[in-house]
Visitor: 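Input: one structure, supplied below.
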Amino acid sequence: MDVEQLEQRDLRRKQLLVAALFSLAVAFALVFAYWMGAFGIGPTKHFYVNYDFAGGLDRGSPVRLAGIKVGRVTDVSFTGQPSVLRLKIDISNEAFQQITEDSKFFINLAGLIGERYVEVVPGHGNPVSNGYAFRGIDPPRIDQLISQGYGIFGDLRTLFNE
């Protein structure tokens, strides 16, 4: 073997070592992110909340109890009934113990232009089982309010012009 072949073989070994270290680092980062809860919140239970209007919620939207993130929306689907949406919510086991039959579910907005989230207000009734279905409180439809306000202001303008 000459020097050039030895250098090429040495370079190839270094490239393989860097590739292996990079792959190992990516795998470690994914395991660490999973462990820290980036892909989940640990052991969970789920329930469903039905709405007529989901107000901009998507899969992955947070669920908060007393302002603390305790879960996330894992699915948004139609139920087959006219204009009824069903949210599947995964929530931590600890927070699930606070959910009762008379709990209320609101769709809120974090700040003026923040993300949408589901706010849970626990009740004082009987505890629920995994997979229970609730009826959520629909958020106000801003587009309808603006449309109705435009109609009212148009009527007032006509009244004042007369």
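All figures in this text were calculated on a predicted structure; none of them were measured in a lab. Side chains are part of it too, since the values below use all heavy atoms of this structure and drop only hydrogens, waters and symmetry mates. All residue numbers refer to positions in the sequence shown, counting from 1.
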Visitor: For a 4.5 angstrom cut-off between non-hydrogen side-chain atoms, does L11 reach E7?
Guide: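 A side-chain contact is absent here, since even the closest heavy-atom pair is not under 4.5 Å.
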
Visitor: Measure across V63 and V73 and return the closest heavy-atom pair with its distance rounded to 0.1 Å.
Guide: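 Heavy atoms of V63 and V73 come nearest at CG2-N, 4.1 Å.
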
Visitor: Kindly compute the distance separating CZ (R64) from CD1 (I91), expressed to the nearest 0.5 Å.
Guide: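 Result: 12.5 Å between the selected atoms.
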
Visitor: Indicate the ring-plane relationship of F47 and F105, choosing parallel, tilted or perpendicular according to the 30° and 60° boundaries.
Guide: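 If you compare the ring of F47 with that of F105, the planes turn out tilted.
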
Visitor: Test your reading of the model: is there a side-chain donor-acceptor pair from S23 to the backbone of A19, 3.5 Å cut-off?
Guide: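 Indeed, once roles are kept as given, a pair shorter than 3.5 Å links the two residues.
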
Visitor: Please examine the side chains of P62 and E115, heavy atoms only from C-beta on, and report whether any two atoms are closer than 4.5 Å.
Guide: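 Yes, at least one pair of side-chain atoms sits under 4.5 Å.
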
Visitor: How are the rings of F28 and F32 set to each other: parallel, tilted or perpendicular (split at 30° and 60°)?
Guide: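 Plane angle under 30°, so parallel.
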
Visitor: Answer yes or no: are there more than 12 heavy-atom neighbours, outside E4 itself, under 6.0 Å from its atom CD?
Guide: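 Check fails, neighbour count at 12 or below.
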
Visitor: Is a side-chain N or O of T74 found less than 3.5 angstrom from the main chain of K88, in a donor-acceptor match?
Guide: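 At least one qualifying donor-acceptor pair exists.
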
Visitor: Roughly how far, to the nearest 0.5 Å, is CD1 of I89 from CG of D75?
Guide: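 One finds 11.0 Å between CG of D75 and CD1 of I89.
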
Visitor: If you apply the rule side chain to side chain contact (heavy atoms under 4.5 Å, CB included), what do you find for V49 with V118, and how did you get there?
Guide: CA-CA 10 Å; V49 182; V118 176; 5.6 Å; no

Visitor: Looking at OG of S92 and NZ of K69, how far apart are the two atoms once the value is rounded to the nearest 0.5 Å?
Guide: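 If I round to the nearest 0.5 Å, the distance is 11.0 Å.
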
Visitor: List the steps, then state whether side chain to side chain donor-acceptor pair (under 3.5 Å) holds for N50 with R86.
Guide: CA-CA 4 Å; N50 296 330; R86 173 169 275 191; 3.0 Å; yes

Visitor: Just wondering, do D52 and L85 contact through their side chains at under 4.5 Å, heavy atoms?
Guide: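 SC-SC contact between L85 and D52 ruled out.
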
Visitor: Out of curiosity, F96 CZ to L65 CG, how far, rounded to the nearest 0.5 Å?
Guide: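 Here the interatomic distance stands at 12.5 Å.
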
Visitor: Heavy-atom distance under 4.5 Å between the side chains of Q5 and D2, does that happen here?
Guide: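 They are in contact (side-chain heavy atoms under 4.5 Å apart), so the answer is yes.
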
Visitor: Nearest heavy-atom pair of P122 and S103: which atoms, and what distance?
Guide: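 Heavy atoms of P122 and S103 come nearest at CA-OG, 3.6 Å.
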
Visitor: Applying the 4.5 Å side-chain criterion to the ILVMFWY set and letting contacts propagate, would V26 and V18 be lumped into a single cluster?
Guide: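 No, no single cluster joins them.
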
Visitor: Taking a hydrophobic cluster as the set of Ile, Leu, Val, Met, Phe, Trp and Tyr residues connected by side-chain heavy atoms closer than 4.5 Å, whether directly or through intermediates, do V76 and Y48 fall within one such cluster?
Guide: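 No, it is not one cluster - the side chains of V76 and Y48 are not joined through contacts under 4.5 Å.
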
Visitor: Quick check on E101: does its CD atom have over 12 non-hydrogen neighbours (other residues, nucleotides or ligands) under 6.0 Å away?
Guide: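 Yes.
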
Visitor: Quick one: are the ring centres of F106 and Y51 less than 6.0 Å apart?
Guide: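 Judged by ring-centre distance (under 6.0 Å), F106 and Y51 do not meet the cut-off.
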
Visitor: How many angstroms lie between atom CG of L109 and atom CD of E119, to the nearest 0.5 angstrom?
Guide: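 Reported to 0.5 Å precision, the distance equals 12.5 Å.
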
Visitor: Between V128 and F134, which heavy-atom pair has the shortest distance, and what is it?
Guide: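 That would be CG1-CZ, 3.8 Å.
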
Visitor: Under the 3.5 angstrom rule, does the side chain of D90 hit a backbone N or O of T44 as a donor-acceptor pair?
Guide: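 No: the side chain of D90 does not pair with the backbone of T44.
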
Visitor: Which heavy-atom pair separates V70 from A95 by the least distance, and what is that distance?
Guide: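 Smallest heavy-atom distance, with atoms named: CB-CB, 3.6 Å.
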
Visitor: Between D58 and R72, does any NZ, NE, NH1 or NH2 come within less than 4.0 Å of an OD or OE carboxylate oxygen?
Guide: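 Salt bridge flag = no for D58 with R72.
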
Visitor: So which atom in H124 and which in T100 form the shortest heavy-atom distance, rounded to 0.1 Å?
Guide: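 Scanning both residues completely, I find the closest heavy atoms to be N-OG1, 3.7 Å.
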
Visitor: Strictly distance-based, threshold 3.5 Å: is any side-chain N or O of N130 a donor or acceptor partner for the main-chain N or O of K45?
Guide: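 A pair under 3.5 Å: no.
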
